[in-house]
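Report on one structure; see the data block that follows.
We use all heavy atoms of the structure for the numbers below, so side chains are in, but hydrogens, waters and symmetry mates are not. No experiment lies behind these values; they were computed from the predicted model shown.
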Amino acid sequence: MIMSHAISLLDEPILVEDNLPRVGDVLPFFQLVNHALEDITLESFQGKRKILHFFPGIDTPASADSVRRLDALAQTLPNTAILNISPDLPFTMSRFSETEHLLHTINLSTLRGRDMFKNYGVLITSSKLAGLPARALMVADENDTVLHVQLVEDLTSEPDFEAALKSLAGN
């Protein structure tokens, strides 16, 4: 039986599949698409620490702000790949990054990997947003072991970046 977790958008409840990876788990396999329409897998980041940033779309203010903030943080995090993951087309994400002069994070689309939302426990299952990912942040070490998981309770809020960074401090 699949359980659900409630988040909200402007005080309206939204259900998300509740099968988030837990601290200590190994990240599940994924295959996503980069800006050049190439398939990218978890193995592409082998030996690097990872921050996975899930969001419903780059055109939402909270998502755009988080992407900007993570790009600025990326400059201070050696051996760390920051992955912005959304259902946006690769062209849309590239255009945003070029316009905003963002150079330090990696944008990945679920164009050919929509099962990732379900596999990572971020799939919205109710409301008009059903099928999109909830806003979430996951941190893993060089061996893909999960160090931090946060499902953002309100889609208009940012993740707790400080908690994510603290989880990296020991690794």
Side-chain angles (χ1 to χ4, degrees), residues 7 9-10 14 16 27-124 128-142 144 146-152 154-165 167-168:
I7 61 170
L9 174 62
L10 305 174
I14 297 173
V16 177
L27 290 175
F29 172 84
F30 67 76
Q31 182 173 322
L32 301 173
V33 178
N34 71 5
H35 67 284
L37 299 178
E38 299 166 327
D39 292 331
I40 301 296
T41 67
L42 177 61
E43 294 165 350
S44 303
F45 307 101
Q46 188 173 15
K48 290 188 178 229
R49 303 181 306 175
K50 292 156 248 349
I51 297 176
L52 286 70
H53 172 227
F54 295 90
F55 55 94
I58 197 65
D59 290 326
T60 61
S63 298
D65 288 344
S66 293
V67 168
R68 287 184 199 101
R69 187 161 175 207
L70 283 169
D71 194 76
L73 286 172
Q75 298 177 69
T76 66
L77 299 172
N79 195 40
T80 304
I82 298 179
L83 313 177
N84 294 312
I85 303 166
S86 84
D88 288 308
L89 289 173
F91 316 113
T92 303
M93 294 173 74
S94 291
R95 184 174 52 246
F96 177 82
S97 291
E98 288 171 15
T99 300
E100 297 288 328
H101 308 289
L102 306 178
L103 305 170
H104 308 288
T105 54
I106 300 164
N107 297 322
L108 296 172
S109 171
T110 57
L111 177 68
R112 291 189 293 270
R114 287 199 175 266
D115 57 338
M116 184 181 195
F117 298 153
K118 185 173 184 156
N119 295 343
Y120 275 70
V122 297
L123 180 67
I124 295 174
K128 293 179 182 179
L129 299 177
L132 293 175
R135 292 175 50 72
L137 203 61
M138 298 178 195
V139 178
D141 68 11
E142 296 89 341
D144 302 330
V146 177
L147 305 173
H148 172 82
V149 177
Q150 181 194 5
L151 182 65
V152 179
D154 182 335
L155 279 177
T156 62
S157 300
E158 283 195 336
D160 183 352
F161 295 113
E162 298 307 316
L165 292 175
S167 72
L168 284 175

Within this structure, what is the [atom1]-[atom2] distance for the pair [X] and [Y], rounded to the nearest 0.5 Å?
X: K50; Y: S44; atom1: NZ; atom2: OG; value: 10.5 Å
X: I124; Y: L129; atom1: CD1; atom2: CG; value: 5.0 Å
X: Q75; Y: T80; atom1: CD; atom2: OG1; value: 13.0 Å
X: I85; Y: M116; atom1: CD1; atom2: CE; value: 3.5 Å
X: N34; Y: L108; atom1: CG; atom2: CG; value: 7.0 Å
X: L147; Y: I51; atom1: CG; atom2: CD1; value: 10.0 Å

Start with the C-alpha distance between R68 and D71, add both sets of side-chain angles, then the distance that settles salt bridge (Lys or Arg N to Asp or Glu O under 4.0 Å), and finish with yes or no. CA-CA 5 Å; R68 287 184 199 101; D71 194 76; over 6 Å; no
Given L102 and F96, is the side chain to side chain contact (heavy atoms under 4.5 Å, CB included) satisfied, shown in steps? CA-CA 8 Å; L102 306 178; F96 177 82; 3.6 Å; yes
Name the orientation class of the two ring planes belonging to F54 and F117 (parallel below 30°, tilted from 30 to 60°, perpendicular beyond 60°).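 Plane angle over 60°, so perpendicular.
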For the residue pair H53 and N84, confirm or rule out a side-chain donor-acceptor distance under 3.5 Å.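 The criterion, which ignores hydrogens and geometry beyond distance, is satisfied for N84 and H53.
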Heavy-atom pair with the smallest gap, counting every atom of [X] and [Y]:
X: G131; Y: R114; result: O-NH1, 4.0 Å
X: G47; Y: E142; result: O-CG, 3.3 Å
X: P28; Y: L42; result: O-CD2, 3.7 Å
X: Y120; Y: F29; result: CE1-O, 4.2 Å
X: T110; Y: P87; result: OG1-CA, 3.3 Å
X: L32; Y: S109; result: CB-O, 3.4 Å

Given S63, which partner from the list T60, D59, D65 fulfils the side-chain hydrogen bond (donor to acceptor under 3.5 Å, both in side chains) test?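 The residue from T60, D59, D65 that satisfies side-chain hydrogen bond (donor to acceptor under 3.5 Å, both in side chains) with S63 turns out to be T60.
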Check the pair I82 / H104 against side chain to side chain contact (heavy atoms under 4.5 Å, CB included), numbers first and verdict last. CA-CA 8 Å; I82 298 179; H104 308 288; over 6 Å; no
Do T76 side-chain atoms and A74 backbone N/O form a donor-acceptor pair below 3.5 Å?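 Here the side-chain-to-backbone pair does not exist.
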D88 versus N107: any side-chain heavy-atom pair under 4.5 Å?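 Counting from C-beta outward, D88 and N107 never come under 4.5 Å.
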Hey, does L137 have a side-chain heavy atom less than 4.5 Å from the side chain of L52?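 No, every pair of side-chain atoms sits at 4.5 Å or beyond.
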Taking 4.0 angstrom as the limit, do E100 and R69 come out as a salt bridge?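 Salt bridge absent between E100 and R69.
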List the steps and the verdict of side chain to side chain contact (heavy atoms under 4.5 Å, CB included) for L37 and L111. CA-CA 9 Å; L37 299 178; L111 177 68; 4.2 Å; yes
Going through the checks in order, is the side chain to side chain contact (heavy atoms under 4.5 Å, CB included) test met by V67 and F55? CA-CA 9 Å; V67 168; F55 55 94; 3.9 Å; yes
Neighbour count above 12 (heavy atom, 6.0 Å) for E43 CD: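 Atom CD in E43 is not crowded, with 12 or fewer foreign heavy atoms closer than 6.0 Å.
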